[in-house]
Each structure stands twice: as structure tokens, then as C-alpha cells.
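Here the structure comes first, spelled out in C-alpha cells, and everything after it is commentary.
Below, each value reflects all heavy atoms present in this structure, side chains not excepted, and no hydrogens, waters or symmetry copies. What you are looking at is a predicted structure, and each value in this text was computed from that prediction instead of being measured. Residues take their numbers from the sequence shown, with the count starting at 1.
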Amino acid sequence: MHPMSKKEQQPEEVLQEEQTTQAPGTEAAEEAANPLLEELEALKKEQADQEDRFLRLAAEYDNYRRRSQKEKESAWADSKAETAAAFLPVYDNLERALKQDTADEAYKKGVEMTMAQLKEVLSKLGIEEIPALGEPFDPNLHNAVMHVEDEDAGENTIVEVFQAGFRNGEKVIRFSMVKVAN
């Protein structure tokens, strides 16, 4: 082999130096890119977490709004039922007064008008009388206080109503007090 001259060795060394300097420069670019990529990924993850928190908060608020609306409606229905229950003794007394014989027709007419007005007010509030006389006995609506054997009446049929029952929709305000046959 023949010895290389200085001029021939110089370009190889320069090339090696350039490659060495390029390699650290490329690594520096990659290192600079990696933190940016890492930061981008971290920001994407943070944005996804924030979006998830937002969606959960929106769902919680929606549930709260629905629950508040139901509670408001329930409170209104409960207050109507309590108010109607407070007037039921008046209804009972007017009903008893109507069953009494009287010679004073004006008095009788006044009691009838008062009873009609009370029924109208209850109806406007959504309070209705529970049908009982002649109906089959239903423990969810009626309170049986007497039992009688009657061949003319059907099985578990209500033959007499002692006290009218009332309900507001499906909610029973007062059970009907009844006598049941057979």
C-alpha cells in the first residue's frame, strides 16, 4: 500500500467532521422535535380531559335541572293534596247536611249550592272522588270497615259508602270508607 498524501487524507477528514457535526445537528433537531411532540401530546390529553370534565358537568347540570323540576312538581302536588285533605271534613259535613230532611227549602238550596261549589273547586285542582258504590273492592283505593253477606250483590262488591275517598291523579288523598258484600 502506498502512503496517502496529506491532500488525499484531508477531504476524508472533512467529510467525517461534517458528518459528525451533522449528526449532532440532526439529533438536536430530533431532540427539539421530541419535546414539541411530547408537549403536543400532553396538550391533546389535557384538552380531552377538559372536554370530558365539561361533558360530565353538563350531564350533572342536566340531571340537577330534571331533579329540581320533579321536586317542584312533587311539592306542588303534595301541597294540593294537603290543602284538599284539610277541606275534606267540610265536604263530609256538607254531605251529612244534604242527607238531613229539612222544611226550609232555601236552606237546603244553599247547602246544595255550597256543595256544588266545593266540588267544582276540588275538580279544578285535579282532585276527584274515588268511585266506590257498586264497584269491586280495591284495597289500593278503598278501606273496608264492614263486611256483609248479600246475595243480590256480586263478589267483593261495595254496597255502601260511609265516607267518600279522593285522589289527585294516582295519589290517594283519602281512602273511601266502605262496606263490602260477600
Determine all donor-acceptor pairs shorter than 3.5 Å in which one atom belongs to a side chain in residues 52-67; sequence neighbours excluded.
from : atom 1 : to  : atom 2 : distance (Å)
D52  : OD2    : R56 : NE     : 3.1
D62  : OD1    : R65 : NH2    : 2.3
D62  : OD2    : R66 : NH2    : 2.6
N63  : ND2    : A59 : O      : 3.4

Can I get a per-line list of side-chain donor-acceptor pairs under 3.5 Å for residues 126-139, giving both atom names and the distance, sequence neighbours left out?
from : atom 1 : to   : atom 2 : distance (Å)
E128 : OE2    : R167 : NE     : 3.1
E129 : OE1    : Y91  : OH     : 3.0
D138 : OD1    : N140 : N      : 3.0
D138 : OD1    : N140 : ND2    : 3.4

Could you give the side-chain donor-acceptor pairs of residues 110-122 under 3.5 Å, partners two or more places apart or in another chain?
from : atom 1 : to   : atom 2 : distance (Å)
T114 : OG1    : G110 : O      : 2.8
E120 : OE2    : K124 : NZ     : 3.4

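Annotation: the span from L125 atom CG to I173 atom CD1 amounts to 9.0 Å, rounded to 0.5 Å. With values rounded to the nearest 0.5 angstrom, L141 atom CG is found 8.5 Å from E170 atom CD. If you take NZ on K44 and CG on L37, they are separated by 9.0 Å, rounding to the nearest 0.5 Å. A distance of 8.5 Å separates OH of Y107 from CD of Q100, quoted to the nearest 0.5 Å. Going from atom CG of L94 over to atom CZ of F87 covers 11.5 Å, rounded to the nearest 0.5 Å.
In this structure, P89 and A85 approach most closely via the heavy-atom pair CD-O, 3.5 Å.
More than 12 heavy atoms of other residues, nucleotides or ligands shown are found within 6.0 angstrom of NZ on K80.
Ionic pairing of R174 and D92 is present here: one or more N-O contacts between side-chain nitrogen and carboxylate oxygen are shorter than 4.0 angstrom.
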Before you tell me yes or no, could you show the steps for N182 and T157 under side-chain contact (heavy atoms from CB on, under 4.5 Å), namely the whole-Å CA-CA distance, both residues' side-chain angles and the distance that decides it to 0.1 Å? CA-CA 7 Å; N182 305 321; T157 302; over 6 Å; no

Can you list the steps and then say if M177 with V161 is a side-chain contact (heavy atoms from CB on, under 4.5 Å)? CA-CA 6 Å; M177 196 179 316; V161 179; over 6 Å; no

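Residues F162 and V178 are not in side-chain contact: their nearest non-hydrogen atoms beyond the backbone lie 4.5 Å or more apart. In this structure, E41 and K45 have side chains that are not in contact, with every pair of non-hydrogen atoms separated by 4.5 Å or more. Side chains of K171 and D78 form a contact here, defined as non-hydrogen atoms less than 4.5 Å apart.
Under the 3.5 Å distance criterion, with hydrogens and angles disregarded, no donor-acceptor pair is assigned to the side chains of Q50 and E46.
Shown here are the ring pair (Phe, Tyr, Trp, His ring centres under 6.0 Å) partners of F175, two or more places apart in sequence or in another chain: there are none. By the salt bridge (Lys or Arg N to Asp or Glu O under 4.0 Å) test, E160 is found to be paired with K179, residues two or more places apart in sequence or in another chain being considered. The salt bridge (Lys or Arg N to Asp or Glu O under 4.0 Å) check on D101 picks up nothing, with sequence neighbours excluded.
No side-chain donor-acceptor contact under 3.5 Å links S74 to the backbone of K70.
Residues V159 and V145 are members of separate hydrophobic clusters, defined by side-chain heavy-atom contacts under 4.5 angstrom among Ile, Leu, Val, Met, Phe, Trp and Tyr.
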